[in-house]
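Report on one structure; see the data block that follows.
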Amino acid sequence: MAKRREEEHRIDNEEVARVLDEIGDLLEILGESSFRVGAYHKAAMNIRSMPRSIRDVYESGELQKIPGVGAHLAERIGILITTGKLPYLEDLKKKVPPSLTELMSIPGLGGKKAKKLYDELNVTSIAELKRAIEKHELRDLPGMGAKTEENIIRGIRQLEQLSARTLLFQALPISEEIVNQLRARPFVKRVDAAGSLRRLKETVGDIDLLCSSAEPRKVMDYFTSLPQVAYTIARGDKKSTIVVTSGYQIDLRVVAPEEFGAALQYFTGSKSHNIHVREIAKKHGLKINEYGVFKVDTNERVAGATEDEVYGYLGLDTPPPVLREDRGEIEAAAEHRLPRLIELSDVKGDLQMHTNATDGVDKLEAMIEMARSLGYSYICITDHAERLYVAGGLTEKELREEYERIDRLNESYDGFTILKGIELNIDNDGDVDYPDSFLAEMDVVIGSIHAGFNQPKSQLTGRMVKAMENPHIDIIAHPTGRVLGKRPAYDIDLPTVFKVAAETGTVLELNSFPDRLDLRDDYLMDAKFNYGCRFAINTDAHNVNHLRYMRYGVATAQRGWLERKDVVNTHPLKQMLMMLK
DNA sequence: GCCGTTTTCGGCCCGACTGTTTTCAGTCG
């Protein structure tokens, strides 16, 4: 049976992407051409964000239709899918210790330094690197010095802090798949994700699932024999833990149906929310735990089957899980004034995306087609402006040509509009790529900081303020520049930014890319409630599938208490344009 | 390693920044 399972080992898109990324990293360490290295990473990116399963694509013989996958990669992916192994990768691992790729995840350390550390000091892991730095062995190597040691140490610290959690967009599909599988079983009454996943936090720890059933044993038999199980860590009647093939650990708790609401409330958290709720219960002579609501004096159980029952018994409306951070939602629930949060279906259009005219993957027409299939009534094409050379930024002439194409395409649609936009680069002086006269012709102008992340606070803030004071710049994209797991936000004076944004009518972006989600939830709350800012939720898509990331932006918006009216791209086209400068 | 309304070969990924350096290599976006 175990052998059978191994043969059927399901390789998913994430696993294929990970293998390709690993090959790319190993090739980089081996000093291979950067184009070859890039080809592997590019294919990995496209496979990772593709909704269709890679196995499916393979079986239809359409691997080479994936952008960035040619004959060579298609063959290797095919071998990986059919055998679960890839001899090419094994060969690479013989040439260079595979753990060296771990070193490359340290910011500031790339393939060359990793190779040098291995060749000169025989360092193969982050732990060994730490020891070498403690002994000050690095500073004697050519091209490295005391400062290098310092930077690497800081990089390691950053990495440790950032990568302890998983991005929501990686965990959510895994959890949803298993929840749906469980939900389809007759012996499962209710099942839901709990914890930070249910609160749609941008990163989550473990995946916690909760289920109610009269037949826990059957549930656990089913759960521990799911096809995606790599191995089972624990198996009991109340709680089991599995590790799935993609590496994530998943806990499932089974409770009695009458306890489900209390357990769901308890395991959803957050901790601070629950503490506050329990304080309220105490004042009412009640106590709450994962089994229900009880009267303290008689120990009589008075509620617990549903969350509504639990909150209702305390005189509270049920706060949506996304708000349960003890940031005012309990007071609002008590006064029956919980906000009506923005929903994905409220979004009418997407105002930031790139095409293959610059660093995007797909054609303008393909982006349009996908946007229409998502039910949008408008989109804005915001390819990169001239001075972002790396992304192939467009000259004024090239951009005008793109706009002419857009004009022609617009003639062929009823009730769907393609807006002419740009993503400008805010330079070190706060100036941008094109003259004002050209900006004035565009529908939507976005300004972004793409360089100089390490400048002092005053300079960064000054650049952004100057950009917001530009009468043509409508939106500031990814305002803090953070990338989850990769780099922290740059040091910018947010109160000033929010104040000037509100004064100048500049819209702040909530970037939906799963590792950006920038502005993050607490900043959204601050900007909304204390400064009266307005927002745009955009995907910053670089291929058609990225357009689906809108759900993660909306999730963060909900966590930031945003309502439909706060977000410009929930409004019909004309109104939306009037809300811009 | 991918890609093609000039090309099945030769472009593609260029420039800023940092830290190490006396003129440049490595990293990153």
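Below, all heavy atoms of this structure are taken into account, side chains as well, without hydrogens, waters or symmetry copies. Below, chain A is the first sequence line, B the second, and so on; all start at residue 1. Every value quoted in this text rests on a predicted model; they were computed, and no experiment measured them.
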Atom [atom1] of [X] to atom [atom2] of [N]: distance rounded to whole Å?
X: Y490(A); N: dC28(B); atom1: OH; atom2: P; value: 19 Å
X: L138(A); N: dT18(B); atom1: CG; atom2: P; value: 20 Å
X: I152(A); N: dT27(B); atom1: CD1; atom2: P; value: 9 Å
X: E423(A); N: dG29(B); atom1: CD; atom2: C1'; value: 12 Å
X: D359(A); N: dG29(B); atom1: CG; atom2: P; value: 13 Å
X: D427(A); N: dG29(B); atom1: CG; atom2: C1'; value: 17 Å
X: H354(A); N: dG29(B); atom1: NE2; atom2: C1'; value: 13 Å
X: N356(A); N: dT5(B); atom1: CG; atom2: P; value: 11 Å

Using a heavy-atom cut-off of under 4.0 Å over every strand shown, decide if [X] touches base, sugar-phosphate, or nothing.
X: R76(A); result: sugar-phosphate
X: V37(A); result: nothing
X: G452(A); result: nothing
X: L388(A); result: nothing
X: A74(A); result: nothing

(message) Would you say N428(A) places a side-chain N or O within less than 4.0 Å of OP1 or OP2 belonging to dC17(B)?
(response)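 For N428(A), the contact criterion (side-chain N or O under 4.0 Å from OP1 or OP2 of dC17(B)) is met.
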(message) On the nucleotide dG19(B), are OP1 or OP2 found under 4.0 Å from the side-chain N or O atoms that R139(A) carries?
(response)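 Checking R139(A) against dG19(B): no side-chain N or O falls below 4.0 Å of OP1 or OP2.
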(message) Could you check whether any side-chain heavy atom of D359(A) comes within less than 4.5 Å of a side-chain heavy atom of H542(A), counting everything from C-beta outward?
(response)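 Of all side-chain heavy-atom pairs linking H542(A) with D359(A), at least one is under 4.5 Å.
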(request) For the residue pair D518(A) and L510(A), establish whether any side-chain heavy-atom pair is separated by less than 4.5 Å. (result)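 Of all side-chain heavy-atom pairs linking L510(A) with D518(A), none is under 4.5 Å.
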[atom1] atom, [N] versus [M]: distance in rounded Å?
N: dT20(B); M: dT27(B); atom1: C1'; result: 13 Å
N: dG1(B); M: dT5(B); atom1: P; result: 23 Å
N: dC13(B); M: dC3(B); atom1: P; result: 14 Å
N: dT8(B); M: dC2(B); atom1: C1'; result: 12 Å
N: dC24(B); M: dC9(B); atom1: C1'; result: 32 Å
N: dC12(B); M: dC17(B); atom1: C1'; result: 23 Å
N: dT7(B); M: dG11(B); atom1: C1'; result: 10 Å
N: dG29(B); M: dT23(B); atom1: P; result: 30 Å

(request) Kindly compute the distance separating OG1 (T203(A)) from CG (L484(A)), expressed to the nearest 0.5 Å. (result)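 Atom-to-atom, T203(A):OG1 and L484(A):CG are 6.5 Å apart.
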(request) Rounded to the nearest 0.5 Å, what's the gap from CD1 on I406(A) to OG1 on T417(A)? Could you check? (result)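 Taking CD1 in I406(A) and OG1 in T417(A), the distance rounds to 11.5 Å.
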(message) Holding to side-chain contact (heavy atoms from CB on, under 4.5 Å), I want the full list of residues that pass it with A71(A), two or more places apart in sequence or in another chain.
(response)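 Result, side-chain contact (heavy atoms from CB on, under 4.5 Å) vs A71(A): Q64(A).
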(message) Going by purine N1 to pyrimidine N3 plus the second Watson-Crick contact, or the G-U wobble pair, all under 3.5 Å, which nucleotide sits opposite dG1(B)?
(response)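 The base-pairing partner of dG1(B), which may sit in any strand shown, is dC12(B).
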(message) Out of the candidates I11(A), V57(A), L63(A), only one should pair with I77(A) under the side chain to side chain contact (heavy atoms under 4.5 Å, CB included) rule; please name it.
(response)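 Looking at I11(A), V57(A), L63(A), the match for I77(A) under the side chain to side chain contact (heavy atoms under 4.5 Å, CB included) is L63(A).
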(message) If you assign P142(A) and A451(A) each to the DNA chain B nucleotide with the nearest heavy atom, which residue ends up on the more 5' nucleotide?
(response)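 This one resolves to A451(A).
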(message) Closest-nucleotide mapping onto DNA chain B: is R36(A) or R154(A) further toward the 5' terminus? I mean the 5' end.
(response)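 Checking each residue's closest nucleotide, the 5'-ward one belongs to R36(A).
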Nearest to the side chain of [X], heavy atoms from C-beta on, is which of [options]?
X: N151(A); options: dT18(B), dT20(B), dG29(B); result: dT18(B)
X: N454(A); options: dC2(B), dT27(B), dT18(B); result: dT18(B)
X: K112(A); options: dG19(B), dG1(B), dG26(B); result: dG26(B)
X: K113(A); options: dG1(B), dT27(B), dG29(B); result: dT27(B)

Produce the list of close N/O pairs, under 3.5 Å, pairing protein atoms with atoms of nucleotides 8-15 of chain B; give distances to one decimal.
{"unit_1": "dC13(B)", "atom_1": "N4", "unit_2": "S34(A)", "atom_2": "OG", "d": "3.4"}

(request) Report, as yes or no, whether the 6.0 Å neighbourhood of atom NZ on K581(A) holds more than 12 heavy atoms from other residues, nucleotides or ligands. (result)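 Yes - once you tally the heavy atoms of other residues, nucleotides and ligands closer than 6.0 Å, there are more than 12.
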(request) For the pair E365(A) and R405(A), find out whether any cationic side-chain nitrogen is under 4.0 Å from an anionic carboxylate oxygen. (result)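 Looking at E365(A) and R405(A), the cut-off is met.
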(request) May I ask you to decide whether R18(A) forms a salt bridge with E22(A), counting only side-chain N to carboxylate O separations under 4.0 Å? (result)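 Between E22(A) and R18(A) there is no salt bridge, as every charged N stays at least 4.0 Å from the carboxylate O atoms.
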